[in-house]
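Data first, discussion second: the structure below is written as structure tokens.
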There are 2 protein chains.
Amino acid sequence: MSDLSIDVVAKAAGVHRSTVSRAFSRPEAVKSETREHILRVAEGLGYTMSPLAQALRRKTSTFVPLIVPDITNPFFAELAKTMTQAADERGYQLLLCVTNGDPAKTDGYFTAMQAMYAPFGIVAPSTKVDTKALKRFDFGHKVVVIDRVEGDDTVPTVTVDSRRGIMLALDHLHGLGHTSIGYVSGIAGTHTAQDRMDAYLEMTAQSGGTPIVLDSGSDLDAGTRGAEHFLQMGNPPTAIIAANDMVAFAVISALGRSGVRVPDDVSVIGFDGLALGARFNPALTTIRQPIADMGHIAIELAEKQNADGSVDHIVLEPELLVRGSTSEPRK
Amino acid sequence: MSDLSIDVVAKAAGVHRSTVSRAFSRPEAVKSETREHILRVAEGLGYTMSPLAQALRRKTSTFVPLIVPDITNPFFAELAKTMTQAADERGYQLLLCVTNGDPAKTDGYFTAMQAMYAPFGIVAPSTKVDTKALKRFDFGHKVVVIDRVEGDDTVPTVTVDSRRGIMLALDHLHGLGHTSIGYVSGIAGTHTAQDRMDAYLEMTAQSGGTPIVLDSGSDLDAGTRGAEHFLQMGNPPTAIIAANDMVAFAVISALGRSGVRVPDDVSVIGFDGLALGARFNPALTTIRQPIADMGHIAIELAEKQNADGSVDHIVLEPELLVRGSTSEPRK
DNA sequence: AGTGTTATTGCAACCGATCTCAGCAACCGA
DNA sequence: TCGGTTGCTGAGATCGGTTGCAATAACACT
């Protein structure tokens, strides 16, 4: 039950250890008869190959690091979940690395992963990624980023169309009859977050409205501050777009503490489409990002880059998810 | 910048590779002069030891698997977060393994971790753990379980005192004037979940009340069903204890959809103390589990067992966290 | 039968460390 | 001055596989 090395199996099967090795990793190079015999013996012994030894010799492994700033944030949690699945559908093992937003830790993970011969990595950043830093590691040449990156086309990315998402939100709110719509930024200092805000600013201006940015911070308290700001206004907007679901939760919670009801007094729409939103009070209307797709695509992109060196930038379509936190403005 | 093996450093420092090895892993065995020189050279080259090679040779590594059923569940996410920290404070690397409740996957992770020479593992189960299954792996002898386990004292555990937690909740509610208190179970089929429910049953009976179990399922929809049950009652309880925070969220959300207000119409108290609860609407009153402590203690227990073979069962004290979802019953 | 291919398998070096053993120099006491 | 420690370093086997190369077997063809 222990100490099962390849030599043990080899002996038991009456062949050389290299043959056993081939039987597992290059089946076509072994006579099918022999192979089956070996496999049977191995099976009987309960033998599995050591990924460590394999990686060491092959100088490549199946460990795929997913680097996220905070696993406690449901967005990253959902990403981690779908990526785990996507990864082992393809025979990889996802290694979750949590940085807490500390760049030093990110660096640490990169060197570690390089040492583990990870074939590539996925980064879901909380701030604008510094591609130069990424490339200080030769490993950094094989990274897929879940965000838009600026000024560097050499790293594959997957994102959703922020403008389109904001447009969906705005259209939904306009359709309900809202004309005064506020915005609360927050949490992530990524390009994506920036894009959402820019889109909001631009599009409300275009439609003749006045942008009302309730808070533009990028920490966890943006939602709370946005709500406070809202409460202090003499003539507050009738609807609020939150940069992401977590912020929307915070906004609604803070508003509720002051007796402001959603959607009765003000409509709130989020951005992310977290499963959790369906269990919020009220259930959150939001712009859904296809998180599951993002996971699969990120891995495909990485594999593609490894294979033929191509660098793609995939932009996914978001989708409006109407639940309970938006309604017609009260007259 | 690449191909940095121990031999390269050895050559550069003019010593044998075994000396370099010692300089890193057994500093006291090398003349301090030599050691410092080696370290300096290594530093200059940007050298780090290969954890793979180390693990292979030493037959022990610093990889610590944390096996959870669902990382999307904030409880496990918070656990993962604190354990990550606890782990690398002690020089371990936490490997997050998500099973989705599939025992086969759990098995897979165990063999994998055994192959990686993990010194021990932590299991946060979603169902009663089968210690027999655990021990089919020699690795299984070095596992700490985050739950109470029955009929097997040989595996270390860390839990919180469920009875005490329920008592805290009941006392709080009684103090506010509630006499009719319902209960919604849910999500986890663990001993812990069982204990909470048993405690509720027992203690309300003791205080002369009638237990009202709104739902006793153990899936994600228990909360919703519990709320439905509540709505159909002619004379519903004035307060509800939820087996955990996620269930409480679902209860409040479902209640809200039917126009029932928390805490105005009914008080709801959760169990877990998730950070997310503070951002719920209303902010959730709950029984806080010391999740951070659990993480640290789990690792300590594992190390202790590794060191002297001792098997401890730590029971932590929960704590009442009063936020906005409970108030006096309406008359 | 003789020769050229091709399919299989064994051999042995190698991946990047660790660790036991042995060698050697400096040091101690008598 | 000599045997006995002690401190430090080098040699080389080893962990569990992989892989290029050589050897042999098997088969095809003329």
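Labels below follow one simple rule: chain letters A, B, ... track the order of the sequence lines, proteins then strands, and each chain is numbered from 1.
Counting non-hydrogen atoms under 4.0 angstrom, B/A55 reaches nothing in the nucleic acid. Nucleic acid contact class of A/V15 (heavy atoms, under 4.0 Å, all strands): sugar-phosphate only. If you check every strand for non-hydrogen atoms under 4.0 Å, B/V30 touches sugar and phosphate atoms only. Contact annotation for B/S32: no contact, since no heavy-atom pair falls under 4.0 Å across all strands.
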Given side chain to side chain donor-acceptor pair (under 3.5 Å), test B/Q85 with B/H296 step by step and report yes or no. CA-CA 9 Å; B/Q85 198 198 327; B/H296 281 91; 5.2 Å; no
(request) Please assess A/E303 against A/Y92 for the test side chain to side chain donor-acceptor pair (under 3.5 Å), listing each intermediate value before the final yes or no. (result) CA-CA 11 Å; A/E303 285 191 319; A/Y92 297 108; 2.8 Å; yes
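For B/T82 (side chain) and B/L79 (main-chain N/O), a donor-acceptor pair under 3.5 Å exists by modelled atom type. Remark: the backbone N or O of B/Y117 is paired with a side-chain donor or acceptor of B/S61 at under 3.5 angstrom. With hydrogens and angles ignored, the 3.5 Å screen pairs no side-chain donor or acceptor of B/H191 with any backbone N or O of B/D147.
Applying the 4.0 Å criterion to OP1 and OP2 of D/dT9, one finds that B/T34 has a side-chain N or O inside that range. Taking only side-chain nitrogens and oxygens, B/S18 never comes nearer than 4.0 Å to OP1 or OP2 of D/dT9. For D/dT14, the OP1/OP2 oxygens have no side-chain nitrogen or oxygen of B/K59 closer than 4.0 Å. Phosphate proximity of C/dT18 to B/Q54: present, with a side-chain N or O under 4.0 Å from OP1 or OP2. Look at A/S25 and you'll find a side-chain N or O under 4.0 angstrom from OP1 or OP2 of D/dT18. For the OP1/OP2 pair of C/dG16 and a distance below 4.0 Å, the side-chain nitrogens and oxygens of A/Y117 include at least one atom meeting the criterion. The phosphate of C/dC15 has neither OP1 nor OP2 within less than 4.0 Å of any side-chain N or O from B/S5.
Of the candidate nucleotides D/dG16, C/dA17, D/dA11, C/dA17 has the atom lying nearest to any side-chain atom of B/Y47. Of the candidates C/dG10, C/dA17, C/dC15, the closest approach to any side-chain atom of A/T19 belongs to C/dG10. Of all nucleotides listed (C/dA17, D/dT9, D/dG17), C/dA17 comes nearest to the side chain of B/M49.
For A/F63 and A/F120, the gap between ring centers reaches or exceeds 6.0 Å.
Distance, B/R58 CZ to C/dG16 P: 17 Å, rounded to whole Å. Rounded to a whole Å, the CZ atom of A/F24 is 12 Å from the C1' atom of D/dG17. In this structure, the CE atom of A/M116 is 14 Å from the P atom of C/dA17, given to the nearest Å. Regarding B/H37, its NE2 atom lies at a distance of 15 Å from the C1' atom of D/dT9, rounded to whole Å. Nucleotide C/dT6 holds its P atom 19 Å from the NZ atom of A/K31, rounded to whole Å. Put simply, CZ on A/R17 is 11 Å from P on D/dG16, counting in whole angstrom units. What separates NE2 of A/H16 from P of C/dG10 is a distance of 7 Å, to the nearest Å. Per the geometry, CZ belonging to A/R26 stands 16 Å off P belonging to D/dG17, to the nearest Å.
With a 6.0 Å radius and a threshold of 12 heavy atoms from other residues, nucleotides or ligands, B/R90 has its CZ atom above the threshold.
With hydrogens and angles ignored, a donor-acceptor pair closer than 3.5 Å exists between the side chain of B/R57 and the base of D/dT14. No N or O donor and acceptor, one from the side chain of A/S50 and one from the base of D/dC15, sit under 3.5 Å apart. In this model, no side-chain donor or acceptor of A/R22 finds a partner on the base of D/dG17 within 3.5 Å.
Between B/R35 and B/A53, the residue anchored nearer the 5' end of DNA chain D, judged by the nucleotide with its closest heavy atom, is B/R35.
Across every strand in view, D/dC8 sits in a pair with C/dG23 that passes the Watson-Crick or G-U test at under 3.5 angstrom. In a base pair of the Watson-Crick type (N1 to N3 plus N6-O4 or O6-N4) or a G-U wobble (N1-O2 and O6-N3), with each distance short of 3.5 Å, C/dA30 is matched with D/dT1.
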